[in-house]
Enquirer: 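Here's a structure for you.
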Amino acid sequence: MAAYDNKHATADYSRLNKRPSRFRSLADSDTAVGWLFTLPFLVLWVWWFLYPFAQSFLRSFQEVSFTALGDASFIGLQNYIHILQDPEFYQAVLHSLQIVVIAVPVQTLLGLLMAVLVNQKMKGRGIFRTVFFIPYITSQIAVTTVFMMLFKKGTFVTKFFTLFGFADTTWFADTRYALLFVSILFIFQQCGFSMIVYLSGLQEIPRDLYEAGQMDGASKWAQFRYITLPSLKPVTFFVVSVATLLGFQIYDQIAAISRYGALGSPAGATSTVVTYFYQHGIRYMNIGYGSAAVVLFFLIILLITFLQKKWLGDKE
């Protein structure tokens, strides 16, 4: 009798645990956990990016004022045609490209060198890491204001650059140097971020590779060239991609420079794709025209990211 009761009790217990076991297997699934952690990002991405971009895309085919959104009228591709016929748009794109071409390689190289430096065993390396990273977390307006004081005519900075053939002038007020001034600002502020990313990449490289290189008689330079650089290739792609996106999105520095004049001062020398959109979409209140500029800007970024992936990404 006792054996019979134990047998039925065991059967009942197994039946009770059949349904919860499915939930436990679901909770233990890596896929479910991954989606659970990804869900907040997806919701915010749809709400803050996909939905506004879809609205901008639809507005780009309309003639609509910022003050009368309900009076929109469909005009087809007219906004795109006008933009592609506007010399100011091509000038803005050229300036954005110049900032990226100048600043991104320099800040990437400096970030790598700074990471290699602070990754060495030395006293006070924590202090150096903090000092190098501070410009990245400092207000862009504050940094721009300080640099504007340093790059005025007659300061020791402008006099120093005369050794390299530059004129002793106020850089941000000179059409020849204003864009270079913005590029230097960007480099100064982004190096800290690149350093932190490269530092994490350096610490992930197995020490066994360097020990094997030493046993084979490889010099420090050979180890850096054939071990460090190839191992950091994914990190470099990430750094370059992020820096390129941020380079195209520069606005605060230009707004600080142009606060006493038209946006893009002096004489449009610092106009970029972002300032072009702001001028037409916000200041002139032509939302349709500005939205078309945003869509074209997105396509430019997409093309450049694809090319970076092709040249710097993993080709395996």
Enquirer: If we check side chain to side chain contact (heavy atoms under 4.5 Å, CB included) with Val106, which of these qualifies: Leu110, Leu109, Thr108?
Expert: Leu110
Enquirer: Name the residue from Val116, Leu113, Thr236 that meets the side chain to side chain contact (heavy atoms under 4.5 Å, CB included) definition with Tyr198.
Expert: Thr236
Enquirer: Does the side chain of Thr305 come within less than 4.5 Å of Thr244's, by heavy atoms?
Expert: no
Enquirer: Donor-acceptor pair, distance only, cut-off 3.5 Å: does the side chain of Thr270 make one with the backbone of Ser265?
Expert: yes
Enquirer: Are any of the side-chain heavy atoms of Phe181 and Ile257 separated by less than 4.5 Å?
Expert: yes
Enquirer: Quick check against the 3.5 Å criterion: does Ser183 have a side-chain atom that pairs as donor or acceptor with the backbone of Leu179?
Expert: yes
Enquirer: Please determine, by modelled atom types, if Gln214 and Tyr210 share a side-chain donor-acceptor pair under 3.5 angstrom.
Expert: no
Enquirer: So, the side chain of Asp174 versus the backbone of Arg176: is there a donor-acceptor pair under 3.5 Å, distance only?
Expert: yes
Enquirer: Do Phe57 and Phe61 pass the ring-ring contact (aromatic ring centres under 6.0 Å, His included) test, and can you show the C-alpha distance, the side-chain angles, and the key distance before you say yes or no?
Expert: CA-CA 7 Å; Phe57 182 74; Phe61 299 102; 5.1 Å; yes
Enquirer: Would you say that Phe248 contacts Val100 through its side chain, given a criterion of any heavy-atom pair below 4.5 Å between the two side chains?
Expert: yes
Enquirer: Any side-chain heavy atom of Gln107 sitting closer than 4.5 Å to one from Gln189?
Expert: no
Enquirer: Checking side-chain polar atoms at under 3.5 Å, does Tyr276 have a donor or acceptor matched by the opposite partner on Ser271?
Expert: no
Enquirer: Taking C-beta and beyond as the side chain, do Gln203 and Asn119 meet within less than 4.5 Å on heavy atoms?
Expert: yes
Enquirer: Kindly state whether the ring of Phe298 and the ring of Phe53 have centres lying under 6.0 angstrom apart.
Expert: yes
Enquirer: Judged by atom type as modelled, is there a donor-acceptor pair below 3.5 Å linking the side chain of Ser258 to the main-chain atoms of Gly264?
Expert: yes
Enquirer: Between Tyr177 and Phe166, does the ring-ring contact (aromatic ring centres under 6.0 Å, His included) criterion hold? Intermediate values first, please.
Expert: CA-CA 9 Å; Tyr177 304 138; Phe166 294 93; 5.6 Å; yes
Enquirer: Quick one: does Phe172's side chain get under 4.5 Å of Lys152's, heavy atoms only?
Expert: yes
